[in-house]
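Chain naming here is simple, since letters A, B, ... match the order of the sequence lines and numbering starts at 1 in each. Worth knowing before you read on, the calculation uses all heavy atoms, side chains too, and leaves out hydrogens, waters and symmetry mates. Here the structure is a predicted model, which is why all the values come from computation and not from measurement.
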Amino acid sequence: MNRSQAVVHRWSQTLIPTTREAPSDAQMPSHIFMTRAGYIRPVGAGIYNYLPLAWRSLQKISQIIREELDAAGASEMLMPALMPIELYEGTKRDQDYGDLLFQLTDRHGRKTALGPTHEEVITDLMCGCLTSYKQFPLNLYQIQSKFRDEFRPRAGLLRCREFIMKDAYSFHLELEGEAGLNETYDKMYQAYTNIFTRCGLDFSAVEAEAGPIGGSASHEFMVNCVNGEDTILVCPESGYAANVEKAEIGDRAFSWDHEATAEVTKHHTPGMPGIELVAEHLGTNAAGMLKTIVMRSVEESPRWVLAVVRGDHEVNEGKVRDALGVAVEMADEKEANAAGFAIGYVSPKMLDSIDLTMVIDPDALGSGNWATGADEKDHHITGFNWARDLPSAKYKAIIADIRNAQAGDPSPRAAGANLEAKRGIEVGHIFKLGTKYSAAMGLSVLDKNQKNQDVIMGCYGIGVSRTLASCIESSHDDNGIIMPISIAPYHVHIITIKPNEEGVLDHAFTLAEELRELGIDVLVDDRNERPGPKFKDADLVGIPLRIIVSPNSIEEGQVEFKKRTDEGKAFLVDRFKIVDICVDEVKGSPQ
RNA sequence: CAGGGAGUAGCUCAGCUUGGUAGAGCGUCUGGUUUGGGACCAGAAGGUCGCAGGUUCAAAUCCUGUCUCCCUGACCA
């Protein structure tokens, strides 16, 4: 509630093009309702006009972000959206980003990009600005349109090619201490928590795939929503929550000594894409098979790595990296074949044929009778038993949690508890970057000891337009949007009944003006429409407080009042009480 | 990018199989009657049928090419 800027707008004199029917291509509720309620209109694939209602909400979200980040010690600035491609040379992100980067050529043939984020720009800027250890910590942010050539934009504002993002970057010389990265990171974590709480969102802060520094170096802020694109795993006992990519799994029982129950038998299994088909052919299921993934360590003298998981599980590269202490990547299929691996038909038995490191997930040691590859094209075996058929594994292999967690897995933080899966929409992500960009781009300063040191960085993003969409995604009913007061385009929606009749409009605008002077934003539906469409439109646009002004109630010295969340009809309120009621509602909600 | 679908009035769609002067509902505009949950009557405006070729006496309709949009997958705020 900002007194100096509160407004009274007339429906008839702003642009709120509501429609009765949804565009046929919209699937997600936020997309359908934002279009129907006149918040947005498409321009191209993943490109939208933000009409007045959406823009007012986005401004309110931005204002909340500004207040919280300023309070956390950050300063707002603005960098250009257009940037020369040379900036990316140091970090090779023009390749990492690949097709995601919008690239264009100017009239002089210079290659230029539209900014997908601004690590390079700000690091380059800092190279010329940061000269002394006395300048730290420094935390800068901007709110701006970002451009990403998404493979497939979709779901309205949830995944766009041009979208509004707040990105912040912090600079430090150490991790610990007052000026350290950890201190700023924690402040930003708290600021994000405040921001999303004030926006009225039901969200979870979850651990995400850690950056190069390790530890809990990255958190995602996820709006809890069944339609979300991301899966997070939570422990109901301890409160532990993590992205599916990152989630640890609690201790699992395993044994080398399961008794063999069948002989090893070879089967011809040609032309069966997918483990399900093979399992069916072998008379078992995916959970009865071993999946053996060929990887390589990423170092100067690469080494083969075999990761073994149960057939219905997925290998997690990050976990393999953590188990081995070196980064790994999927092996190139041609190279692996040349080295003797029958890609697609690899079994753990390769441990005895090729010099390699083997990592086994505990669940792959949960039985004495497995189906797996035969190390020969188009063939699998059944009856594999670790103790009988590959005794060397017990001494040579590493056992570690190397697979993606899933619902029902034991919690890593509470004995006996099981992880539950929830869906979410990622609206914020905070990162400890370390020296990735500063080292690549030569950003260093002299520390107290006159030693040149690479600057340590953190980066912090919020999808502003996505935050609006995810709010609507999780807060709507069959009739339309239900906006929280803090980010609603207007606080109060005054509906006039029979606006042609003497005094109705005057009454409505007098009331609106009283509210405005107390810092409340008001939309007055002054259209000469019948009541039906006005009520329908009001439900659709979802402004939280509704006042109905009609000839009848004016005569009685009353108005009608209803919250968007209330069921049924509005109730009568004395005219002289309505302003206080609205002020209490606005003040009593998160701002 | 791969697989699937769609481009016809501002919006939602029919018409295409079987070629013959462009249709409906909603919305918009005018006049009238109406005014508590998407009214009614009368009238009107609005489309080179995505684009370019081709076949034909004749193409929204058949053929070829091309562009755009949507849905499902890998990425991310």
Whole-Å P distance, B:A58 and B:C40: 46 Å
Step-by-step side-chain contact (heavy atoms from CB on, under 4.5 Å) determination, A:Thr184 to A:Phe171: CA-CA 9 Å; A:Thr184 296; A:Phe171 303 89; over 6 Å; no
Sugar-phosphate, base or nothing in reach of A:Ile548, heavy atoms under 4.0 Å: base
Presence of A:Arg20 side-chain N/O under 4.0 Å of B:G27 phosphate oxygens OP1/OP2: yes
Between P of B:C75 and CD of A:Glu229, the distance in whole Å: 12 Å
Interatomic distance at P, B:G10 relative to B:A77, whole Å: 39 Å
Residue A:Glu529, side-chain atoms from C-beta onward, closest of B:G73, B:U28, B:A77: B:U28
Touch class at under 4.0 angstrom, heavy-atom based, for A:Asp230 against every strand present: base
Distance in Å, A:Gln142 CD paired with A:Lys166 NZ, rounded so as to fall on 0.5 Å steps: 10.0 Å
Whether A:Phe221 and A:Phe203 hold their rings parallel, tilted or perpendicular, with breakpoints at 30° and 60°: tilted
Touch class at under 4.0 angstrom, heavy-atom based, for A:Arg36 against every strand present: base
Presence of donor-acceptor pair under 3.5 Å, side chain of A:Glu560 and base of B:G36: yes
Touch class at under 4.0 angstrom, heavy-atom based, for A:Ser550 against every strand present: base
Pairwise P distance for B:C76 and B:A14, with rounding to whole Å: 39 Å
Rounded distance in Å - CD (A:Glu220) to C1' (B:C76): 9 Å
Interatomic distance at P, B:U12 relative to B:A6, whole Å: 16 Å
Sugar-phosphate, base or nothing in reach of A:Gln27, heavy atoms under 4.0 Å: sugar-phosphate
Distance-only donor-acceptor test (3.5 Å): side chain A:Asn552, base B:G36: no
Listed nucleotide nearest any side-chain atom of A:Ala45, set B:G38, B:C70, B:U72: B:C70
Sugar-phosphate, base or nothing in reach of A:Lys498, heavy atoms under 4.0 Å: sugar-phosphate
Sugar-phosphate only, base, or nothing, as touched by A:Lys146 at under 4.0 Å among non-hydrogen atoms: nothing
Pairing partner (Watson-Crick or G-U wobble, both distances under 3.5 angstrom) of B:A59: none
Separation between the C1' atoms of B:A2 and B:A74, rounded to whole Å: 11 Å
Candidate nucleotides B:G36, B:A39, B:A77, ranked by approach to the side chain of A:Arg530 - the nearest: B:A39
Closest-nucleotide ordering on RNA chain B, the 5'-leading residue of A:Lys534 and A:Gly156: A:Lys534
B:G37 pairs with, by Watson-Crick or G-U criteria that keep both distances under 3.5 Å: none
A:Glu21 CD - B:C13 P separation (whole Å): 8 Å
Aromatic ring pairing A:Tyr185/A:Tyr460, orientation class (parallel under 30°, perpendicular over 60°, tilted between): tilted
Base paired to B:U64 (Watson-Crick or G-U; both N/O distances under 3.5 angstrom): B:A52
Donor-acceptor contact present, side-chain A:Arg41 to main-chain A:Pro17, <3.5 Å: yes
A:Ser30 side-chain N/O to A:Ser470 backbone N/O, donor-acceptor pair under 3.5 Å: no
Base partner of B:U17, which must satisfy Watson-Crick or wobble distances under 3.5 Å: none
A:Arg466 vs B:C76: side-chain N/O to OP1/OP2 distance below 4.0 Å: no
Sugar-phosphate only, base, or nothing, as touched by A:Arg159 at under 4.0 Å among non-hydrogen atoms: base
Whether A:His476 and A:Phe33 hold their rings parallel, tilted or perpendicular, with breakpoints at 30° and 60°: tilted
Partner nucleotide of B:C69 by Watson-Crick or wobble geometry (both distances under 3.5 Å): B:G5
Integer-rounded Å distance: B:C29 C1' and A:Asn528 CG: 15 Å
P spacing across the pair B:C16 / B:G7, given as an integer number of angstrom: 13 Å
B:G38 pyrimidine/purine six-ring stacking with A:Phe535, under 5.5 Å and 30°: no
Backbone of A:Gly480 reached by a side-chain donor or acceptor of A:Asp477 within 3.5 Å: yes
Identified pairing partner of B:U30, criterion: Watson-Crick or G-U wobble below 3.5 Å: B:A42
Selection from B:G38, B:C71, B:A77 that lies nearest to any side-chain heavy atom of A:Leu540: B:G38
Minimum-distance nucleotide (side-chain atoms of A:Arg152 versus B:C71, B:U35, B:C75): B:C71
Distance, rounded to the nearest Å, where A:Leu58 contributes CG and B:A77 contributes P: 19 Å
Interatomic distance where CZ belongs to A:Phe102 and P belongs to B:C76 [whole Å]: 17 Å
P spacing across the pair B:C41 / B:A24, given as an integer number of angstrom: 16 Å
Separation of the C1' atoms in B:U8 and B:A60, to the nearest angstrom: 7 Å
Assigned partner base of B:U12, Watson-Crick or wobble definition, under 3.5 Å: B:A24
Nearest-Å distance for atom pair NE2/C1', residues A:His118 and B:A77: 14 Å
Residue mapping more 5' on RNA chain B - nearest nucleotide basis, A:Pro153 or A:Met165: A:Pro153
Integer-rounded Å distance: B:G37 P and A:His493 NE2: 16 Å
Spatial distance of atom OH (A:Tyr169) from atom CE (A:Met126) [nearest 0.5 Å]: 11.0 Å
